[in-house]
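Scroll down for the structure; my scribbles are underneath it.
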Amino acid sequence: MSPDTASAPTPAPAVRVSSVRREFRSRTGQVVALDDVSLTVAAGEFVSLIGPSGCGKSTLLRLVADLDRPTSGTVEVFDRPAHVAREAHEYGIAFQQAGLLPWRTVLANVELPLELHGTPRAARRQRARELVDLIGLTPFAGHYPHQLSGGMQQRVAIARALAEQPSLLLMDEPFGALDEMTRERMQTELLRVRSETGAAVVFVTHSIPEAVYLSDRVVVMSARPGRVRTIVPVSRPAVPDGVDAREDAAFFADVARVREALHGPDDDDPGTDDLAGAAAPARVPATRGMDLR
Ligand SMILES: Nc1ncnc2c1ncn2[C@@H]1O[C@H](COP(=O)(O)OP(=O)(O)OP(=O)(O)O)[C@@H](O)[C@H]1O
């Protein structure tokens, strides 16, 4: 049984993944990327997926996004099959590469989904201006992607993902390519944008501190075949104005809990995956591909 089945489901969760298995066939044989994965994400909740490289985080996100279909099991978004939710433009997607169109300005990139779905010109321009303002790039609205820093490009990608007022944002390592300072600013920005929009977020990351800082819950996955190993609720205490939550003792305690969950004693097969450091002391991680600062 998945650890998530213990939590009481709300009437219309943003995401409900039930007993999902995803197998791939390749020249070298069959790969079981996900096995018996169940997960519920409440409306408005921020959930991060973390786990060793190849454990199926992106595969799970792609299934939720209806970019792929499970071999067995079901994926529902707001109580509807994922493909129905996608057709209803229920969610926005931002991946590691900002994926902006180089020949379109910031404003025109943000407008793109609205244009594709037939929103009249004046309405889409107004919405794009609001979003560009929300991400603090109004002075750059007429710039082209190559005139922006990596962090700015990522902000544009997030604004574009928000264009259709999605109730669910799916993000796959959106800050992975950014330097540390920009990344921290973007994390703060994302929390602000999310609190203004009320969207649920499913966020894939390799960084334990990033997952803890952003999330209400951190889903720790085991190495292939990917399963939900455990789900760590994050305490997120209120901190006084001017204090960064990343400097709070509760933050460090939660980081340690996620780290211990990743390297816990219940590792099924520690010798064959990227959690080769599973037997090492929890605070001396040796996980390849993980950012364990
Ligand atoms: N289209 C595909 N065909 C064959 N195998 C695939 C395909 N997509 C993913 N896989 C395999 O499924 C497993 C899970 O891949 P996935 O990209 O979901 O992992 P991940 O946890 O996101 O990895 P990373 O952290 O390195 O990005 C891997 O072994 C991968 O090689």
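Basis for what follows: all heavy atoms, side chains included, without hydrogens, waters or symmetry-related copies. Read the numbers this way: they start at 1 and go in the same order the structure lists the ligands and their atoms.
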Side chain D68, main chain L63, donor-acceptor under 3.5 Å: no
Would you call the rings of H143 and F140 parallel, tilted or perpendicular, where under 30° means parallel and over 60° means perpendicular? perpendicular
Can you give me a line-by-line list of nitrogen or oxygen pairs between ligand 1 and the protein shorter than 3.5 Å?
| residue | atom | partner | partner atom | Å |
| --- | --- | --- | --- | --- |
| ligand 1 | 18 (O) | T59 | N | 2.9 |
| ligand 1 | 18 (O) | T59 | OG1 | 2.5 |
| ligand 1 | 19 (O) | G56 | N | 3.2 |
| ligand 1 | 21 (O) | G54 | N | 3.4 |
| ligand 1 | 21 (O) | C55 | N | 3.1 |
| ligand 1 | 21 (O) | G56 | N | 3.0 |
| ligand 1 | 21 (O) | K57 | N | 3.0 |
| ligand 1 | 21 (O) | K57 | NZ | 2.9 |
| ligand 1 | 22 (O) | S58 | N | 2.9 |
| ligand 1 | 22 (O) | S58 | OG | 2.9 |
| ligand 1 | 23 (O) | G54 | N | 2.9 |
| ligand 1 | 25 (O) | K57 | NZ | 2.8 |
| ligand 1 | 25 (O) | H206 | NE2 | 2.7 |
| ligand 1 | 26 (O) | S53 | OG | 2.6 |
| ligand 1 | 29 (O) | R224 | NH1 | 2.8 |

Could you give the side-chain donor-acceptor pairs of residues 153-160 under 3.5 Å, partners two or more places apart or in another chain?
| residue | atom | partner | partner atom | Å |
| --- | --- | --- | --- | --- |
| Q153 | NE2 | P145 | O | 3.0 |
| Q153 | NE2 | L148 | O | 3.3 |
| Q154 | NE2 | Q96 | O | 2.8 |
| Q154 | NE2 | P174 | O | 2.9 |
| R155 | NE | I135 | O | 3.1 |
| R155 | NH2 | I135 | O | 3.0 |
| R160 | NH1 | G99 | O | 3.0 |
| R160 | NH2 | A98 | O | 2.9 |

I'd like to know if the side chain of N109 and the backbone of L101 have a donor-acceptor N/O pair within less than 3.5 Å. yes
May I ask you to decide if G73's main-chain N or O and R21's side chain share a donor-acceptor pair within less than 3.5 Å? no
When you measure from the centre of the six-membered ring of Y213, is the NZ or CZ of R246 closer than 6.0 Å and no more than 45° off the axis? yes
